[in-house]
Amino acid sequence: MTIDKSSSPSARAVIEPLPVNPLRSGLVEERTSDACAVVIFGASGDLTRRKLMPALYNLAVSRSLPGGFAVVGVARREKSHEAFRSEMSQGVAQFSRRKPIDPSVWGDFERRISYVAGSFEEPKTYELLKAHLRKLDEELGTSGSRLYYLAVPPAEHGTIVRGLRAADLVHPTSASRGDGPFTRVVFEKPFGHDLASAQKLNETIGDVFDETQVYRIDHYLGKETVQNLLVFRFANSLWEPLWNREHIDHVQITVAEDIGVEGRGKFYEQTGVTRDIVENHLMQLLCLTAMEPPISLSADAVRGEKVKVLKALRPMERQSVQESVIRGQYGRGFVRADEVPAYREEPDVAPGSSVETYLAMRVLVDNWRWGGVPFYVRAGKRLSRRVTEIAIQFKKVPHSLFRTPDGGVTPNVLAMRIQPDEGIALRFISKEPGQQTILRDVTMDFRYGSSFGSNTPEAYERLLLDAMRGEATLFTRRDEVEAQWEYIDPVLSAWAAQGNVPPPVYPAGSWGPDAAADLLAKDGRRWRKP
Ligand code: BG6
């Protein structure tokens with residue numbers, strides 16, 4: 001590892017030299033945004049320190065930020081620009097994917113960071129911000145363009161949006177690139193708490209911003225492997241003829257985490273895994289797997305196809321919630337040999353909490369492509385290990401020529417590993433070498449690490465730059481977020497109608513409650529061990 005402390009840009013340090021990989025050549029794309037100030041509301045929160053600031057710093061390293069750039073933190077607590085910069089510097093040092101920090105990049109980046117203290121309810125906060133932003137336009141050349149980033153709970157979204165409008169901090173159009181100053185706004189998830197609150201929020205936002213100015217974030221869409229789903233499906237001719245009910249038996253989507261709620265008990269008590277992961281990340285993975293080819297990669301073409309999938313989901317009746325949805329809550333257990341507490345023992349969690357930390361369900365997509373093909377989806381915390389994958393299980397051969405001890409030939413599986421160990425594996429059957437015909441499962445495996453190197457951009461880098469550039473394809477549209485809630489709402493109401501009974505407990509470090517296995521067993525199937 002080499003560290004060059006020179007401040008000359010031409011002598012910029014190479015912090016982590018990558019091994020030369022011929023498959024990488026031609027992959028690097030020069031993308032920068034027009035001048036702008038990024039204003040982060042909720043700047044003292046974890047997201048700013050762990051994700052947003054490291055992402056912006058990494059964009060500075062890859063020279064993707066415009067010459068006229070500034071980042072302004074807004075939060076309640078009084079603090080100086082210097083104190084805020086120092087907090088951010090610690091966050092970047094700890095969480096940046098490139099380490100150590102390159103002092104020549106940090107020096108220039110740091111002077112562009114500043115802080116405005118104030119309550120989001122107070123008009124004065126927005127007046128202070130306005131004056132500060134004008135000053136930055138003059139001093140740092142941010143040209144009147146603003147990207148507001150609302151890294152705050154959904155209950156505060158409306159207040160901030162109204163505060164911005166009242167202070168005349170919203171330029172009326174999003175403006176295409178190079179077309180004069182723009183104002184855009186990014187909303188961190190969760191977007192609303194249920195369908196009614198999401199609709200209300202959309203109305204409030206719609207009173208102030210045009211939909212083209214609104215960027216609802218789902219950071220899963222910024223992951224390289226998630227973007228690759230579109231490429232894999234639509235840049236290869238091999239899959240499309242097989243990607244339907246004729247050839248696919250069922251699909252399994254798993255978003256498993258081994259971590260618990262990590263000090264976010266208060267937040268999690270309000271969301272549970274259904275609002276935290278299923279309504280957004282998991283639904284997006286399902287949409288990208290099930291959608292029809294869009295006519296282009298424009299934001300509306302892609303999002304339009306995803307909405308069609310959401311509209312085709314068979315609505316959950318109260319009875320089907322009972323039959324098709326399994327909840328669970330983690331109890332004490334062992335994760336990677338460490339003993340961990342039960343969910344109810346986590347800080348800020350009610351001792352009798354009925355919040356679910358695990359959900360599995362059978363989802364049906366009622367259209368010509370998918371009629372009769374179940375999508376089994378599951379998500380949970382404190383599971384055996386961290387893995388997100390989409391597994392397509394193909395149908396069995398119609399007639400087996402080969403006698404095997406279990407009387408059949410195992411079906412082919414295409415597993416798209418979203419994280420970690422990013423890659424795609426195709427499982428098929430092969431003859432074991434020898435005089436006898438013995439069949440074995442084997443896999444063809446593509447690994448991102450070995451083909452492309454492992455230093456890929458973080459989701460937030462891609463998404464922040466896209467928002468600064470006015471590219472909305474990887475953000476959720478108004479009707480899309482409402483369609484997600486429309487599907488999930490009946491599940492939440494069915495639980496509420498049953499009196500929010502505490503879910504069955506599964507031991508931390510396991511693969512979830514037994515009932516989840518029964519859900520598939522009833523259909524003659526079983527979960528893959530990812
Ligand atoms: C967030 C959730 O959206 O996604 C967290 O709020 C979860 O609870 C996280 O841990 C998972 O993201 P990733 O990128 O680590 O899979």
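As the structure lists them, so they are numbered: ligands from 1, and atoms in each ligand from 1.
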Check the side chains of R216 and N202 for a donor-acceptor pair under 3.5 angstrom, ignoring hydrogens and angles.
yes

Of the protein's non-hydrogen atoms, which lies at the shortest distance from atom 6 (O) of ligand 1, and what is that distance?
D276 OD1, 2.6 Å

Can you list the atoms of ligand 1 that are under 4.0 Å from a heavy atom of K223?
13 (P), 14 (O), 16 (O)

Using the ring of each side chain (for Trp, its six-membered ring), is H219 parallel, tilted or perpendicular to Y460, with breaks at 30° and 60°?
parallel

For atom 4 (O) of ligand 1, what's the nearest protein heavy atom and its distance?
H219 CE1, 3.4 Å

To atom 3 (O) of ligand 1, the nearest of K189, E257, R275, Q419 on a heavy-atom basis is K189

Atoms of ligand 1, numbered as shown, that sit under 4.0 Å from any heavy atom of K381
5 (C), 7 (C), 8 (O), 10 (O)

Consider only side-chain N and O atoms of E356 and Y343, and report whether a donor and an acceptor are under 3.5 Å apart.
no

Which part of Y268 is near ligand 1, with near meaning a heavy atom under 4.0 Å away: side chain, backbone, both or neither?
neither

Does a side chain donor of either Q329 or R344 reach within less than 3.5 Å of an acceptor in the other side chain?
yes

Is the contact between E188 and ligand 1 made by the side chain, the backbone, both, or neither, using heavy atoms and a 4.0 Å cut-off?
neither

Which label fits F446 and Y448: parallel for a plane angle under 30°, tilted from 30 to 60°, or perpendicular past 60°?
tilted

Should F267 and V261 count as side-chain neighbours, where that means a heavy-atom distance under 4.5 Å?
no

Shortest protein contact, atom 15 (O) of ligand 1 (heavy atom only)
R386 NH2, 3.4 Å

